[in-house]
Undergrad: 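Here you go, one structure.
Only this structure's heavy atoms are used, side chains among them; waters, hydrogens and symmetry mates stay out. Sequence lines set the chain letters: A, B, ... in the order given, protein chains first and strands last, and positions in each chain run from 1.
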Number of protein chains: 2
Amino acid sequence: MTSPTGRQPTLDEVAKLAGVSRSAASRAINNAAHVSAANRLAVERAVRELGYVPNVTAQALARQKVGAVVLAVSDHNEELFGDPFFGRIIAGVTAALEDTDLDLKLLLCHPERGHDRVRRMLRPPRADGIMVMALRGDDPLQRMVEKSGLPTVYGGLPLHGRPEWFVDVDNRGGGRVAAEHLVSLGRRRIATIAGPADTHVAVARLDGFADALSVAQLDHTLVEHADFTREGGAAAMERLLQREPGLDAVSVASDNMAAGALQTLLQHGRRVPEDVAVVGFDDLPIGHLTQPSLTTIQQPIRSLGYEMARVLLAVVDGEKPSPLLLPTRLVVRESAPAPVSLAVS
Amino acid sequence: MTSPTGRQPTLDEVAKLAGVSRSAASRAINNAAHVSAANRLAVERAVRELGYVPNVTAQALARQKVGAVVLAVSDHNEELFGDPFFGRIIAGVTAALEDTDLDLKLLLCHPERGHDRVRRMLRPPRADGIMVMALRGDDPLQRMVEKSGLPTVYGGLPLHGRPEWFVDVDNRGGGRVAAEHLVSLGRRRIATIAGPADTHVAVARLDGFADALSVAQLDHTLVEHADFTREGGAAAMERLLQREPGLDAVSVASDNMAAGALQTLLQHGRRVPEDVAVVGFDDLPIGHLTQPSLTTIQQPIRSLGYEMARVLLAVVDGEKPSPLLLPTRLVVRESAPAPVSLAVS
DNA sequence: CCAGGGACTGGAAGCGCTCCCGGTTTCTGG
DNA sequence: CCAGAAACCGGGAGCGCTTCCAGTCCCTGG
């Protein structure tokens, strides 16, 4: 277990101890062909005896591969970080990387600052591939990533363009289901608080909303945008009430905004869900805390991270995986209960 | 801007173009001494012309340094990730690394699984230093980190032992201030919901609680432990009420648990703060949402990340920085308002 | 019994950079 | 004007690994 020198044992030492050439030792360790069973065994023994672990840096240099992938997150307002999103994404990514011997590097990019750092990071050989998340309208990060030529997987589509590889949540479907639920409750004057207009996720959820209301032949122009924060949601709700005091339902594009909207509604004396039904999006823990608790669209955050990494691994290995759209699920709680019509009958 | 070959330009090409030796070019680029102004200029021009960026892998191999530090988080129950903690820590760490050209690697360690991966990661030359967070009782991670011999900074003290380098929040002070606030409100039957007994943060906050009550000559044995979750907090509150129906205040070691405790209190017909005053810990967004809003102890999460990285950088550079204890701050909201006695007087 | 093919083997040439070191040039002060 | 120091320069030996390739050896089928 102790290397002769104070440092880590090297391949040479392993080879010497095993009585073979360095080449043979290398082949044995990477279990390639052209190694006799005897030698392979000898090498394995030597490895164990010395506690040898390949020097990844040297491997990287020789193989012209890095042994790491980066997760790049565009960090506007730490918005993503106010939520538990981030941690779950990372948990998923980590799980997918578990048995690959690839390291995960993290790259937080402020849209305005630190571009040099980002550019450096993206230039090979700093990583073998990259996952990008949470892009805004025309985030400089997108251009930089494209220029880098690195295998790239998008977590959530960018506003413009359709990258070759991505994993996204079915935001449009989720938006539709949310609105459909409100329609099924018999609501007729349905509004929505959408996310920032320069994000694909907001646009998609809004499209889904419009889909559902069109099918139901309802007006779907009662839209206000906000920035995914609680305060933003509260303000947007204020504007909606001003535009249409008689609205009887609102589909909100995030739980945080929904929490804000709830507060505004209560302040204005509306009862939820009696007067106004509310459905959120995300299924954050916060949804249990609001009064009333929040009906919402659950999205598989952890899976998003997991699948992103899986797709990236495939791409890095030269495969052509197909893009993925992960399903959402309606979670019914108090703010927009199940339709009674279906209850017994 | 285009390298002659399809690949990235190398130092040799730069040197050739600048008409100097590779050594000189290297010195110029790392702006070391012993380069004439003229040559330095020529090299700089060549670098710009070729768009040269040093190959970090090769540098790493030659310098016997990696160019990356790791942030290791012990991942029990994704507890840390339910909160916005994680993102803020990372934002802080990233800020501190901003102009160092060091990459940040992330290591999520399940206490039971994935040890091999962790061990590999910790063995040089996979990183130049490591930051460890959120250790439990005797987390295997701690032993592994210690064995690795890598420069290590602890974010939050471990339960056992006192590492040479760490950054922590003044949890004991925070616990004390919380309790003092309740005392100053005239409360006499003060309970506490502490965190898991096998974490240093829980123990420290509890010690602070005991400090304050001892000084005030009040009983400080009304203690229940929970796991930092809302559900856990609710259950613990239940137990406390059973033990002491007449309690008039409770200091809770996290906002999440406090949110749960509030629910339990309301369910049992207690008015907050009239019957029972409540103070939390953390200052998470959730504290604005509860009914009533939550008085709490704010802790500088982002700074914790920032300082951790700063200390690590210093250690890696061979310095001997002193450990840091970051201050907390009482944030007074509705669940435990400011003492009236001091209001006008 | 022998040619030919396959499975092995180890030497050596990298991967792209750092850094030591002996040698040359230039500058300074006496 | 000269010795000695200081500044500068480039050759070359690594860092630890992979991988090409020319060479051995053994085994088969004709």
Undergrad: Taking DNA chain D as the partner, which of residues 17-36 of chain B come within under 4.0 angstrom of it by heavy atom?
TA: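 Correct list: B:Val20, B:Ser21, B:Arg22, B:Ser23, B:Ala24, B:Arg27, B:His34, B:Val35, B:Ser36.
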Undergrad: With each end axis built from five pairs of C1' atoms, what bend angle do you get for the helix from C:dC1-D:dG30 to C:dG30-D:dC1? Round to 10°.
TA: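 That helix has its two terminal axes inclined by roughly 30°.
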Undergrad: Not counting sequence neighbours, which residues clear salt bridge (charged side-chain N to carboxylate O under 4.0 Å, His left out) with B:Arg22? List them please.
TA: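 Salt bridge (charged side-chain N to carboxylate O under 4.0 Å, His left out) check on B:Arg22 returns B:Asp12.
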Undergrad: To the nearest Å, how far apart are B:Lys65 NZ and C:dC19 P?
TA: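 Between P of C:dC19 and NZ of B:Lys65: 11 Å.
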Undergrad: Toward the 5' end of DNA chain D, which comes first, B:Ala37 or A:Val53, by nearest nucleotide?
TA: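 Nearest nucleotide further toward 5': that of B:Ala37.
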Undergrad: Output yes when at least one side-chain N/O atom of A:Asn39 is less than 4.0 Å from OP1 or OP2 of C:dC8, else no.
TA: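 Result: no.
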Undergrad: To the nearest Å, how far apart are B:Glu13 CD and C:dC15 P?
TA: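 About 11 Å, once rounded to whole Å.
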Undergrad: Could you work out, with side chain to side chain contact (heavy atoms under 4.5 Å, CB included) as the rule, every residue matching A:Ile29, not counting sequence neighbours?
TA: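 Scan of A:Ile29 (side chain to side chain contact (heavy atoms under 4.5 Å, CB included), adjacent residues dropped) gives A:Leu11, A:Val43, A:Val47, A:Tyr52.
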Undergrad: With a 4.5 Å limit on heavy-atom distance, are the side chains of A:Leu106 and B:Val93 in contact?
TA: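 They are not in side-chain contact.
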Undergrad: Please give, in whole Å, the distance from C:dC17 P to B:Arg63 CZ?
TA: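 The distance from CZ of B:Arg63 to P of C:dC17 comes to 11 Å, rounded to the nearest Å.
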Undergrad: Starting at CG of A:Leu326, measure out to OG of A:Ser303 and round the result to the nearest 0.5 Å.
TA: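 The OG atom of A:Ser303 is 6.0 Å from CG of A:Leu326, to the nearest 0.5 Å.
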Undergrad: Would you compute the distance between atom NE2 of A:His200 and atom CG of A:Asp168 and round it to the nearest 0.5 angstrom?
TA: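 Output value for this atom pair is 6.5 Å.
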Undergrad: Could you list the residues that satisfy salt bridge (charged side-chain N to carboxylate O under 4.0 Å, His left out) with A:Asp101, not counting sequence neighbours?
TA: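 With sequence neighbours excluded, A:Asp101 shows a salt bridge (charged side-chain N to carboxylate O under 4.0 Å, His left out) to B:Arg120, B:Arg126, given in chain and number order.
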Undergrad: Excluding sequence neighbours, so at least two apart, what forms side chain to side chain donor-acceptor pair (under 3.5 Å) with A:Lys105?
TA: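 For A:Lys105 the side chain to side chain donor-acceptor pair (under 3.5 Å) partners, ignoring immediate neighbours, are B:Asp103.
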Undergrad: Report the nucleotide, chosen from C:dT18, D:dT18, D:dG16, that has the shortest atom-to-atom distance to any side-chain atom of A:Leu11.
TA: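 Closest nucleotide to the A:Leu11 side chain: D:dT18.
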Undergrad: Please state whether the phosphate of D:dC15, meaning OP1 or OP2, lies under 4.0 angstrom from any side-chain nitrogen or oxygen of A:Asn55.
TA: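 No, A:Asn55 has no side-chain N/O under 4.0 Å of OP1/OP2 on D:dC15.
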Undergrad: Which one of A:Val66, A:Leu313, A:Leu312 satisfies the side chain to side chain contact (heavy atoms under 4.5 Å, CB included) criterion with A:Leu102?
TA: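 Single side chain to side chain contact (heavy atoms under 4.5 Å, CB included) partner of A:Leu102 among A:Val66, A:Leu313, A:Leu312: A:Leu313.
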Undergrad: Can you tell me the distance, in whole Å, between the CZ atom of B:Arg40 and the C1' atom of D:dA7?
TA: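 My rounded result for the distance is 12 Å.
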Undergrad: Are any of A:Gln59's side-chain N or O atoms less than 4.0 Å away from OP1 or OP2 of D:dG16?
TA: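 No, no such contact exists.
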Undergrad: CE/B:Met308 to CD1/B:Ile130 distance, rounded to the nearest 0.5 angstrom?
TA: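 So the gap between those two atoms works out to 9.5 Å.
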Undergrad: Look at the side-chain N and O atoms of B:Gln64 and state whether any lies under 4.0 Å from the OP1 or OP2 oxygen of D:dC15.
TA: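 No, B:Gln64 has no side-chain N/O under 4.0 Å of OP1/OP2 on D:dC15.
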Undergrad: Without decimals, in angstroms, what is the distance between A:Leu50 CG and D:dG16 C1'?
TA: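 Taking atom C1' of D:dG16 as the reference, CG of A:Leu50 is at 14 Å.
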Undergrad: Atom CZ of B:Arg126 and atom C1' of D:dC17: how far apart are they, to the nearest Å?
TA: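 In whole Å, D:dC17 C1' and B:Arg126 CZ are 14 Å from each other.
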Undergrad: Which whole-number value in Å describes the distance from B:Leu61 CG to D:dG14 P?
TA: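 In whole Å, D:dG14 P and B:Leu61 CG are 14 Å from each other.
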